[in-house]
Amino acid sequence: MNTKETALKKFADRSAVIGILGLGYVGLPLAVVFADAGFKVVGIDPIQSKVDELNRGSSYIIDVPSNSIEKHVNSGAFTASADFSSLRDVDAVSICVPTPLRKTGDPDLSFIISATEELAKYIHPGMVIVLESTTYPGTTREMVQTRLEEVSGMKTGKDFFLAFSPERVDPGRKDFTTINTPKVIGGITADCGEVATAWYRQAIQTVVPVSSAEVAEMAKLLENTFRMINIGLVNELSLMCDRLGVDVWEVIDAAATKPFGFMKFTPGPGLGGHCIPIDPLYLSWKLKTLNYTARFIELASEINTGMPRYVVSRIQDALNTQSKALKGSRVLVLGAAYKPDIDDLRESPALDVIHLLQQKGAEVHYHDPFVSHFFHDGKEYVSVTDLLGEVKKADCVAIITNHSAYDYPAILANASLVFDARNALGKLGRDNSKVFKL
Ligand SMILES: NC(=O)c1ccc[n+]([C@@H]2O[C@H](COP(=O)([O-])OP(=O)(O)OC[C@H]3O[C@@H](n4cnc5c(N)ncnc54)[C@H](O)[C@@H]3O)[C@@H](O)[C@H]2O)c1
């Protein structure tokens with residue numbers, strides 16, 4: 001049997017050992033999905049404390065229940081390790097490492113580079129590698145393939161197989177998770193695509209093969225750019241509606257009754273998370289190297305990044321109606337996570353809102369049922385415990401993240417002024433002189 005036939009057989013009979021590089025929001029659920037499908041899975045992450053926690057059968061990712069880790073650790077189907085030499089015994093690897101931005105706004109590929117360097121040490125004939133980290137088109141071929149071939153002397157599509165498959169997981173979502181969200185896969189060669197597809201089909205309900213790694217890389221960026229631009233559009237709509245004196249939320253709800261040709265997006269205090277604020281900038285950066293300006297991305301990014309400042313100016317206006325200055329006012333921010341019902345603070349606009357409020361002299365407190373404390377700009381913030389007591393004491397309650405656990409009627413009843421950046425109060429907030437909405 002050649003390398004391709006051997007790999008296909010190992011996936012078909014599930015004897016392949018799977019490696020997951022990076023055990024975060026993407027890698028850990030994927031590891032569980034492969035273990036659930038009957039594969040032996042080795043998860044590798046350089047952070048020893050994460051490895052130890054997982055090997056104790058405990059999960060630090062909100063979407064992955066500890067009992068699913070415990071079950072697979074006890075049966076031997078899943079082990080975590082900080083030792084990259086475990087890759088020696090692995091047949092197929094998914095790379096799920098972070099792809100953030102540098103302070104300058106340029107892509108930071110250092111995690112993909114370091115993961116590739118580790119892989120290059122242990123790559124062996126027949127190995128199948130899938131890059132899952134979101135990145136600009138060309139990364140899998142230009143960076144991963146080139147380096148792996150350079151170090152190993154092996155040939156992609158013949159000696160080993162390499163593909164790109166973007167992760168689309170939406171943390172906190174219950175209806176679509178890793179197992180039932182269709183997975184796009186594009187290989188460096190046709191055989192790479194075929195082998196990687198055969199692997200993922202053993203565990204994921206729907207796999208969508210495409211003709212190249214670049215199509216798969218670009219498809220992910222289209223999805224996230226689509227969201228980012230549409231959020232930019234409704235954020236600008238909220239600025240326009242404010243000037244027009246029209247309720248933007250009612251406008252959007254009315255438009256959303258159209259059964260075709262419209263998709264509902266809602267405004268908010270800014271973009272958050274590891275994907276939407278970042279991924280489109282990977283694309284615009286790549287295009288800049290080709291002397292092309294991605295104009296829609298630049299414009300939407302400008303509007304979205306201006307939202308925290310706009311929210312603060314609206315809180316200031318709201319306080320003004322009660323003859324209060326922002327400076328010296330006590331503001332209680334509800335929600336620090338970037339979206340409802342999760343604990344993820346990455347790129348959260350709440351952090352910008354808090355920072356800007358403080359800069360203007362407000363006394364800021366926060367509450368988040370999912371985030372008991374956090375560090376930002378070298379300072380520790382601790383969630384208040386007596387929520388309604390703090391609501392009563394605040395000059396303004398700013399709803400920044402609309403967690404569903406909040407008792408909004410009680411918050412409204414106890415507050416003297418509310419700024420609602422998410423329309424969390426809905427009808428309760430209408431025609432109420434102490435409620436101001438985005
Ligand atoms: N979080 C999401 O909702 C989401 C959704 C779709 C796609 N993505 C993309 O998936 C990728 C991973 O995102 P995430 O949210 O899981 O990140 P994360 O920060 O939650 O997890 C990444 C993990 O990789 C580990 N790591 C760092 N360097 C490593 C290395 N060299 N080898 C092995 N492990 C290493 C980190 O310690 C961390 O545990 C990113 O490219 C992201 O854009 C994320």
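When a ligand or atom number is given, it counts from 1 through the structure's own listing order.
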For [X], the ligand 1 atoms whose distance to one of its heavy atoms is below 4.0 Å:
| X | answer |
| --- | --- |
| C275 | 2 (C), 4 (C), 5 (C), 6 (C), 7 (C), 8 (N), 44 (C) |
| A115 | 31 (N) |
| P98 | 19 (O), 22 (C), 24 (O), 27 (C) |
| F111 | 27 (C), 28 (N), 31 (N) |
| K50 | 38 (C), 39 (O) |
| P171 | 3 (O) |

Regarding [atom]: of the candidates [options], which has the closest heavy atom?
| atom | options | answer |
| --- | --- | --- |
| atom 38 (C) of ligand 1 | D45, I44, I47, T135 | D45 |
| atom 16 (O) of ligand 1 | D170, L23, V26, T181 | V26 |
| atom 9 (C) of ligand 1 | T99, T134, V51 | T134 |
| atom 21 (O) of ligand 1 | G43, G24, G27 | G24 |

Centres of the Y200 and F34 rings: under 6.0 Å? yes
Aromatic contact, H403 with F370 (centres under 6.0 Å): yes
State plainly whether the residues [X] and [Y] are in salt-bridge range, i.e. N to O under 4.0 Å.
| X | Y | result |
| --- | --- | --- |
| R168 | D170 | no |
| E217 | R141 | no |
| D420 | K437 | no |
| K379 | D377 | no |
| R147 | E150 | yes |
| K50 | E53 | no |

Identify, for [atom], the protein heavy atom at the shortest distance, and state residue, atom and that distance.
| atom | answer |
| --- | --- |
| atom 17 (O) of ligand 1 | R346 NH1, 3.5 Å |
| atom 13 (O) of ligand 1 | H274 CD2, 3.5 Å |
| atom 29 (C) of ligand 1 | V97 CG1, 3.6 Å |

A side-chain contact here means heavy atoms from C-beta on lying under 4.5 Å apart; do E223 and C275 qualify? no
At under 4.0 Å between heavy atoms, which part of [X] makes contact with ligand 1: side chain, backbone, both or neither?
| X | value |
| --- | --- |
| E117 | neither |
| P166 | neither |
| C96 | backbone |

Donor + acceptor pair across side chains of D108, S110 (<3.5 Å): yes
Distance-only polar pair, side chains of S15 and D13, donor-acceptor under 3.5 Å: yes
If I apply the N/O under 3.5 Å rule, does S114 come out as touching ligand 1? yes
Decide whether an N or O pair under 3.5 Å exists between G22 and ligand 1. yes
Would K220 count as a contact of ligand 1 if the rule is a heavy atom under 4.0 Å away? yes
